[in-house]
Amino acid sequence: MEILDTAWDPGPSYLRTVREEIKQAWDPERPPAIRITGNRLTASGHDAQLRLGTGCRLWYPYRKKHGTW
């Protein structure tokens, strides 16, 4: 699957904005650390990741199971 296998670099300001929106939507007392790598946002300690599709319109959720996304 292209979304799973292909990392690409969308605009960094867009991803920073999305990261802040996720933090605000989370429990305000304990927002997760969110790492940005290319088109991937990973919530540290939660085995959860969002990947932005190449059209910059759709986000795809992933969960880590047995060490694999």
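In this text the structure is predicted, and so the values were computed from the model without any measurement.
For the residue pair Trp69 and Gln49, the shortest heavy atom distance occurs at CZ3-CB, 3.5 Å. The minimum heavy-atom distance linking Trp8 with Gly53 is given by the pair CZ2-O, 3.1 Å. The two residues Tyr14 and Leu52 make their nearest non-hydrogen contact at CE2-CD2, 3.7 Å. The heavy-atom pair separating Asn39 from Ala7 by the smallest distance is OD1-CA, 3.5 Å.
Taking CG of Leu41 as the reference point, atom CZ of Arg51 lies at 11.0 Å (rounded to 0.5 Å). Note that CZ of Arg40 is 13.5 Å distant from OH of Tyr60, once rounded to the nearest 0.5 Å.
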Indicate every side-chain donor-acceptor pair of residues 25-37 with a distance under 3.5 Å to a residue at least two apart or in another chain.
residue	atom	partner	partner atom	Å
Asp27	OD1	Glu29	N	3.1

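Looking only at side-chain heavy atoms (C-beta outward), Thr42 and Tyr62 stay at 4.5 Å or farther from each other. In this structure, Leu50 and Ile22 have side chains that are in contact, with non-hydrogen atoms separated by less than 4.5 Å.
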